[in-house]
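Data first, discussion second: the structure below is written as structure tokens.
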There are 2 protein chains.
Amino acid sequence: MTPAPGPAPLSWWVVRFEIYEIPFGKVSCVPLGGQVASPITFPQPGGDVTSNESGSRAATLSDVAKRAGVSIATASKALNNRDDVAVATRQRVVQAADELSFTPNAMAKGLLAGRTGTVGLLTSDLEGRFMIPILMGAEDAFGAGQINVFLCDARGDAIREQHHLKALLSRRVDGIIVVGRATDPRPSLGQSLPVPVVYAYAPSDDPRDLSLTPDNYSGGRLAVEHLLACGRTRIAHITGDPSYAAAQDRLAGARAGLEGAGLSLVGEPMFSEWSEHWGRDAAAMLLGQHPDVDAIFCGSDQIARGVLDTARDLGRRVPDDLAVIGYDNWEVLATNSRPELTSIDANLQMLGRLAAQRVFDAIDGVDIGSGEHHSPVRLVIRGSTIPRR
Amino acid sequence: MTPAPGPAPLSWWVVRFEIYEIPFGKVSCVPLGGQVASPITFPQPGGDVTSNESGSRAATLSDVAKRAGVSIATASKALNNRDDVAVATRQRVVQAADELSFTPNAMAKGLLAGRTGTVGLLTSDLEGRFMIPILMGAEDAFGAGQINVFLCDARGDAIREQHHLKALLSRRVDGIIVVGRATDPRPSLGQSLPVPVVYAYAPSDDPRDLSLTPDNYSGGRLAVEHLLACGRTRIAHITGDPSYAAAQDRLAGARAGLEGAGLSLVGEPMFSEWSEHWGRDAAAMLLGQHPDVDAIFCGSDQIARGVLDTARDLGRRVPDDLAVIGYDNWEVLATNSRPELTSIDANLQMLGRLAAQRVFDAIDGVDIGSGEHHSPVRLVIRGSTIPRR
DNA sequence: CTGTTAGCGCATTCAC
DNA sequence: GTGAATGCGCTAACAG
């Protein structure tokens, strides 16, 4: 009964499964021992060279026409709901198409129409956490409108990006969204492309392009204004790498917010990496040098998590003694901390959706304008700035 | 000089930027006040209806031929490096193509060739953390081989999935990878598709399909065997939702590992949600009821983070008094904890790459087999199980 | 109402 | 060597 005796094999293995009841009435599968069927040495594929065309070749319109006993043109009209076709005929055609599970060839259509109904999503770093919501928003917006998305990850490599761009153009995408991994300006793809381009998150360095990027300046301001509204006056700032525009813009916003209240930051802004570790270390330094700090604006949620850790270690009660606000509203971090973390949300999914909308518009011939547009951010209040009651 | 006076506008705004020096010699852009140029009411696009076809229509082969003063056929041969063309002619054609920045129309090619050089990536939930590495791996593998990827996110909705599937088929993708959000079996797309399908992460419920899924069983076993190797004998298990196959499989593996050493779990496995909160609460209960526990195997890194928190609160030293091991090797969590978290890594990027490879093979006519294949996992040792020295 | 024709952009015969 | 002709699957004009 002991499954898979011996150490776990370091190769892929095939198992049969057994359905069995588990708690809560759900059903699951676990491997059974002794049934390692066809071990496959790991990185190498199987090897048997046999044809694997599961179903047969996809049916074409001419197949349908033949089966329905009509001409290709008539079949086309019938399936496209053109009104100059007899009801009975249409029915025959539709049925034939159904029986053959006919799917019109989008390529052939595109060849005629001159547009493909596809767009390219050129990201510079899929790994990046900011990429995903933008991607989701875009995919969502397009998906709803029958447009399909080519995903291209350039891995932050300009060569690869150029390569992907070429591929996208050769596929005749109707538009391109370029998603960067930071809010720092990135090189433009140029003005001579035959399709509209929208830059999301990372703006293009060419103002003739249209760029949508989060409003970090307002985000910093919003954060500080919230802290001020909570009655805090001795506010410090711990943030990440100063070479990031995000760090600078948020700081500038924060300073503006403070100035508006006739205040300024406690101490100098503390820059280093965007990590929890840095948050912990920086908070320890800060609270040592400026024990009277009553609020910390953190440049990221990760940093804020570190700050919360140190506050707890030093016996500072959050939010009573010390208010902490993060940035990015990374839910898994923000909602699992003690207390839960107030943060600034950049609405990235909406940003992606909007970028898609802009590409849509451009495809439809609408002038989408140019320049760097800053998308609004929002404050998400949780327990680290206002005590729960 | 104060940028953007007044509260942050709740609409998009266009700014001019000013280049200025920031610390560390880098350059950044910040918005300047008073230059809000063309405010765009937020969710609505611009509206001016003018043509925006940036460059002109993409050049065709016939354009190139005309410019080079040859026939279309010759131009084609020249550009495709066929050898029956004069050197001088080829040169003229290539130059003409270059001047027109000619890009062959992949659709037209595909129409001829009967294959498109595209594959569909059908995910059920882009948001999911496990999706991304798989996606990256697949995109990577394909990208290298000149194949482009259609990304489709079904948002966990069967209807939407069917919709996307149809779209993919109509685009005549050469293959499809289906990525699920959990390791529980999911409904098969069926056997009658005209293209090969590979299931990644979530296996298909039909054994005739090929599925690649992480070996959670071995992962659980590996985790426990590591704890045993560290000299721990009183091992408890805190994990997530028991309705997940992942929870059950890892548990089964852990039990097998313990049995191999003539041991068993301390207490019952503790199930609830896959959250840091639960990790904290569960650890508190566990350490209250079984103070002699010397190691905890956690079903996820999030849970492990919670466990570490509680251990610290209760004054348990990790790893000396208590070893903690997580699951998933979510770097941002694992490397930022105190101490850093030992964890099991499912090699998801490799899984994605392999799935892509299998689709490749199938396209090439290689038999890729069927059934549920379990991909090897690996142990990543950090400070939460072995003290750093 | 239905079928014939033309052509989207390209690669591939096959004549010249 | 080169170019005219054919067809991939489909839709949009027409002609019947």
Side-chain angles (χ1 to χ4, degrees), chain A residues 56-94 96-97 100-118 146 167 169-174 194-195, chain B residues 56-94 96-97 100-118 146 167 169-174 194-195:
Chain A
S56 50
R57 176 187 59 86
T60 104
L61 185 57
S62 115
D63 296 335
V64 176
K66 204 168 296 173
R67 179 175 254 262
V70 297
S71 76
I72 302 187
T74 304
S76 171
K77 287 171 199 158
L79 293 175
N80 289 324
N81 285 324
R82 309 297 301 264
D83 45 356
D84 29 348
V85 67
V87 183
T89 312
R90 160 164 304 139
Q91 195 166 359
R92 283 214 322 283
V93 173
V94 168
L100 272 56
S101 62
F102 166 73
T103 321
N105 186 326
M107 272 189 311
K109 264 182 166 153
L111 209 51
L112 263 311
R115 50 152 83 188
T116 54
T118 63
Q146 311 278 12
L169 292 180
S170 97
R171 298 227 179 269
R172 294 295 188 269
V173 292
D174 296 328
V195 295
Chain B
S56 52
R57 177 187 59 87
T60 96
L61 184 57
S62 116
D63 297 333
V64 175
K66 203 167 298 171
R67 179 175 254 262
V70 297
S71 75
I72 303 186
T74 305
S76 170
K77 287 170 198 156
L79 293 175
N80 290 323
N81 283 326
R82 310 298 301 262
D83 45 357
D84 29 350
V85 64
V87 183
T89 311
R90 159 163 304 139
Q91 195 165 358
R92 283 210 327 279
V93 172
V94 168
L100 272 57
S101 63
F102 166 74
T103 321
N105 186 325
M107 269 189 315
K109 264 182 162 150
L111 209 50
L112 264 311
R115 49 151 84 186
T116 55
T118 63
Q146 311 280 9
L169 292 180
S170 100
R171 298 223 180 270
R172 295 294 189 268
V173 293
D174 296 329
V195 294

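Chain letters run A, B, ... following the sequence lines, proteins first and then strands; every chain starts at 1.
- In this structure, the nucleotide among D:dT2, C:dT2, C:dA11 sitting nearest to the side chain of A:V85 is C:dT2.
- Picking from C:dT2, C:dG3, C:dC8 the nucleotide with the shortest atom distance to the side chain of A:L111 gives C:dC8.
- Nearest heavy atoms, B:I72 versus B:S62: CD1-CB, 3.8 Å.
- Here the shortest heavy-atom pairing between A:S76 and A:L61 reads CB-CD2, 3.7 Å.
- When rounded to the nearest whole Å, the span between CD1 of A:I72 and P of C:dG7 equals 17 Å.
- In this structure, A:L169 atom CG and C:dG9 atom P are separated by 16 Å, rounded to whole Å.
- Note: CZ (B:R90) to C1' (D:dG3) measures 16 Å, nearest angstrom.
- Checked by atom type and distance alone, the side chain of B:R90 pairs as donor or acceptor with a backbone atom of B:R82 at under 3.5 Å.
- With distances taken from any side-chain atom of A:K109 to the nucleotides C:dC1, C:dC10, D:dT11, the minimum falls on D:dT11.
- Nearest heavy atom pair, residue B:A78 against residue B:V85, reads CA-CG1, 4.3 Å.
- Contacts of B:T74 with the nucleic acid, taken as non-hydrogen atoms under 4.0 Å apart, include base atoms.
- For D:dC10, the OP1/OP2 oxygens have a side-chain nitrogen or oxygen of A:T60 closer than 4.0 Å.
- Distances were taken from every side-chain heavy atom of B:S71 (C-beta onward) to each of D:dA4, D:dG1, C:dC10; the shortest belongs to D:dA4.
- Rounded to whole Å, atom P of D:dC8 lies 11 Å from atom CG of A:D63.
- Minimum heavy-atom separation, A:M107 to B:L111: CE-N, 4.1 Å.
- The distance between atom CD of A:Q91 and atom P of C:dT2, rounded to the nearest whole Å, is 13 Å.
- Residues B:R92 and B:A68 approach most closely at NH2-O, 3.1 Å, considering heavy atoms.
- When each of A:L61 and B:T89 is assigned the nucleotide of DNA chain D with its nearest heavy atom, B:T89 is the one assigned upstream, toward the 5' end.
- Distance alone, capped at 3.5 Å, places no donor-acceptor pair between the A:R171 side chain and the B:A106 backbone.
- Atom pair A:M107:CE and C:dA11:C1' shows a separation of 14 Å (rounding to whole Å applied).
- Counting to the nearest Å, the C1' atom of C:dG9 and the CZ atom of A:R172 are 9 Å from each other.
- A:L112 comes within 4.0 angstrom of a base, heavy atoms only.
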B:V93 vs B:L79, side-chain contact (heavy atoms from CB on, under 4.5 Å): CA-CA, chis, key distance, verdict:
CA-CA 7 Å; B:V93 172; B:L79 293 175; 3.8 Å; yes
Heteroatom pairs (N/O) under 3.5 angstrom, protein to nucleotides 12-16 of chain D:
residue: D:dA12; atom: OP2; partner: A:R82; partner atom: NH1; Å: 3.0

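- Two end axes, each from the C1' atoms of five base pairs, can be drawn for the helix from C:dC1-D:dG16 to C:dC16-D:dG1; they diverge by 50°, to 10 degrees.
- For A:T89 against A:T74, the heavy-atom pair with the smallest separation is CG2-CG2, 4.0 Å.
- Sorted by first and then second residue, the salt bridge (Lys or Arg N to Asp or Glu O under 4.0 Å) pairs involving residues 66-81 of chain B (not counting sequence neighbours) are B:R67-B:E99.
- One interatomic measurement links the two molecules: CG of A:N105 to C1' of D:dT11, which rounds to 13 Å at whole-angstrom precision.
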